[in-house]
Participant: 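Questions regarding the structure given below will be posed in turn.
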Amino acid sequence: MTIPPSSPVVLLHAFPLGPAMWQNQVAALAGRKVLTPSFPGFGGRPPGGSSLDDFADAVIADMDAAGIERAVVVGLSMGGYVAFRLHARRPERVAALVLADTKATADDEAARAKRTDQAERARRDGVGWLVDAMVPVLLGATTRAERPNVEKLVRAMIANADPEGVARALLAMRDRPDSTQQLADIRIPVLAIAGDEDQVTPVAGARQIADGVPDGRLVVIPKAGHLSNLEDAKSFNGALMSFLQG
Ligand code: MLT
């Protein structure tokens, strides 16, 4: 199956960031219709809903409002988890999937317990602590050593996150279903992308996606961590554009 030329592109952001993380991709996609939804509780959108299905429905509502019937859906990390739910609920709205630095599997018990603790802490203490907790895991070692502007941007985005939005997203990610069984039913082109320094969703998760869908391919970006689109925008955009162009 091919991707319709000039198909609209929907870019789904990671946790606990917002659509500003896509600035380099929006520039690269100039000339196409591009939508960068904020999940409830992020990017100035009020918190609402309590599951990733609710987040997927918010994206569908944004697509409806923008007059987008069908799009290539690009999701990074939490955005990828939502992309799986969006495809499960409304497959006819998805022309192709780009699943970046994400995984199909659900959280194990230890990860679920950590999400619960972090959600309680966000509600109690706000998000200041989250900046130092997350930056070292979100960014790869090369970016931390060589790309101070990326770290500055990521720190600012996390510091601006809404505590209730953060808490709800953590609980929604905690309770997300395993999408592994769904992979074989995703009968559209799929590109999995992973930074080879990604500690949150290592390359093996992206490989599982690429191998598990009928029409998958994998691009590994060297010297990039979990936020591969920000850490090496040139390589990420190159992979995205060549996928879109078939
Ligand atoms: C993200 O980048 O969206 C999150 O780190 C994903 C996760 O915590 O599983």
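All ligand and atom numbering here is 1-based and tracks the order in the structure.
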Participant: Is there a donor in the side chain of H226 and an acceptor in the side chain of D198, or the other way round, less than 3.5 Å apart?
Facilitator: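 There is such a pair between these side chains.
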Participant: Quick one about T201 and D101 (side-chain donor to acceptor, distance below 3.5 Å, no hydrogens or angles considered), yes or no?
Facilitator: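 No pair is found: no donor N or O on one side chain lies under 3.5 Å from an acceptor on the other.
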Participant: As an exercise, identify every atom of ligand 1 less than 4.0 angstrom from a heavy atom of A14.
Facilitator: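 What qualifies from ligand 1 is 2 (O), 3 (O).
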Participant: Show the atoms of ligand 1 that are less than 4.0 angstrom away from any heavy atom in S77.
Facilitator: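 So the atoms of ligand 1 that pass are 1 (C), 2 (O), 3 (O), 4 (C), 5 (O), 6 (C).
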Participant: Nearest protein heavy atom to atom 9 (O) of ligand 1, by residue and atom, and its distance?
Facilitator: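 In this structure, atom 9 (O) of ligand 1 has Y81 OH, 2.6 Å as its nearest protein heavy atom.
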Participant: How close do R115 and L171 get, counting heavy atoms only, and between which atoms?
Facilitator: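 For R115 versus L171, the nearest heavy atoms are O-CD2, 4.4 Å.
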Participant: Decide whether R70 and S7 meet the rule of one side-chain donor and one side-chain acceptor closer than 3.5 Å.
Facilitator: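 Per modelled atom types, R70 and S7 side chains form no pair under 3.5 Å.
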Participant: What residue and atom, counting heavy atoms only, is the protein's closest point to atom 5 (O) of ligand 1, and at what distance?
Facilitator: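 In this structure, atom 5 (O) of ligand 1 has H226 NE2, 3.7 Å as its nearest protein heavy atom.
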Participant: If we only count N/O pairs under 3.5 Å, is M173 in contact with ligand 1?
Facilitator: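 No - when backbone and side-chain N and O of M173 are compared with those of ligand 1, no distance drops under 3.5 Å.
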Participant: Name the orientation class of the two ring planes belonging to F39 and F55 (parallel below 30°, tilted from 30 to 60°, perpendicular beyond 60°).
Facilitator: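 Rings of F39 and F55: parallel, as their planes differ by under 30°.
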Participant: Going by heavy-atom distance to atom 8 (O) of ligand 1, choose the closest among M78, R174, K114, R115.
Facilitator: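 It is R115 whose heavy atom sits nearest to atom 8 (O) of ligand 1.
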